[in-house]
Amino acid sequence: GQGSTGGSAAKLNLPASALPDWLKVGATCVYTSRSRGDSHRVKIKAIEERKQTVLFTFEQDKRVWKRVPFSEISKTGDGTLRPVWKETPQVATCEGPPPKGKANAEAGSPAKAESPVQGPVQ
C-alpha cells in the first residue's frame, strides 16, 4: 500500500463492498438525472471497482447506458442512483404544465387553427 498521506483525496478508492446492498449486478434501480430531475428505471450491468463506476442500462431503451461514479451513490439512497422503493413518485409532476414540446405541437394542430373561423367568442 502507499499509505494514507493526504493529497490523493480526489482519488478516493471505495471498495465495491462499501456500496449499498441494494446496488448489485442485475438489480433494478432508479437513476435520477441531476440536470433534468427526472427519474428512469435502470438495470445494473456492472460494478467496476477499478474504474470506481457503476454501469447500467435504461429499462425503456436497453441500448442506452450510463456510468455513475461510486462517489455519487449514497447508502441512504438519495444520490443519482436510488433503490426502487426510494423512487420519487411522478404523481406530483402531473399537475404542472405540459412539457414545452407538447404545448408547441398542440398549438400548431389544425383543431386550434380552425377555432377563429367559428366566429368571435362572446
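For clarity, every value in this text was computed on a predicted model and none was experimentally measured. Both backbone and side-chain heavy atoms feed into the values below; hydrogens, waters and symmetry mates do not.
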Quiz item: Do Asn13 and Gln52 touch side chain to side chain, with heavy atoms closer than 4.5 Å?
Solution: yes
Quiz item: Ignoring hydrogens and geometry, is there a side-chain-to-backbone donor-acceptor pair from Lys24 to Ile44 under 3.5 Å?
Solution: no
Quiz item: Between Val25 and Val68, is there a shared hydrophobic cluster once you connect ILVMFWY residues whose side-chain heavy atoms come closer than 4.5 Å?
Solution: yes
Exercise. Apply side chain to side chain contact (heavy atoms under 4.5 Å, CB included) to the pair Phe58 and Trp65, showing each step before the final yes or no.
Key: CA-CA 6 Å; Phe58 289 82; Trp65 57 271; over 6 Å; no
Exercise. Dump the intermediate steps for side chain to side chain contact (heavy atoms under 4.5 Å, CB included) on Thr28 and Glu59, then the final yes or no.
Key: CA-CA 9 Å; Thr28 298; Glu59 284 202 341; 3.3 Å; yes
Self-check item: Distance-minimising heavy-atom pair for Gly77 and Trp22
Solution: CA-CZ2, 4.0 Å
Exercise. To the nearest 0.5 Å, tell me how far Arg82 CZ sits from Ser39 OG.
Key: 6.0 Å
Practice problem: For Gln60 and His40, test the side chains for any donor-to-acceptor distance below 3.5 angstrom and give the result as yes or no. | Solution: yes
Exercise. Report whether Val84 and Leu23 are members of the same hydrophobic cluster (ILVMFWY, side-chain heavy atoms less than 4.5 Å apart, transitive linking).
Key: no
Exercise. Please answer whether the main-chain N or O of Pro69 pairs with a side-chain N or O of Glu72 as donor and acceptor at a distance below 3.5 Å.
Key: no
Exercise. Quick one: list whatever passes side-chain contact (heavy atoms from CB on, under 4.5 Å) with Arg50, sequence neighbours left out.
Key: none
Practice problem: Check whether any side-chain heavy atom of Tyr31 sits under 4.5 Å from a side-chain heavy atom of Lys66, and report yes or no. | Solution: yes
Self-check item: Leu14 with Ile47, same ILVMFWY side-chain cluster at under 4.5 Å
Solution: yes
Self-check item: Minimal non-hydrogen separation, Lys75 against Pro20, with atom names
Solution: CA-CG, 3.9 Å
Quiz item: Do Pro15 and Glu49 come within less than 4.5 Å of each other through their side chains, counting heavy atoms only?
Solution: yes
Practice problem: With side chain to side chain contact (heavy atoms under 4.5 Å, CB included) as the test, would you mind laying out the steps for Arg67 and Glu48 before giving the verdict? | Solution: CA-CA 10 Å; Arg67 277 196 172 92; Glu48 303 163 320; 2.7 Å; yes
Exercise. Under the side chain to side chain contact (heavy atoms under 4.5 Å, CB included) rule, what do Thr32 and Asp38 come out as? Steps first, then yes or no, please.
Key: CA-CA 6 Å; Thr32 305; Asp38 48 358; over 6 Å; no
Self-check item: Transitive ILVMFWY side-chain link Val30 to Val54, under 4.5 Å
Solution: no
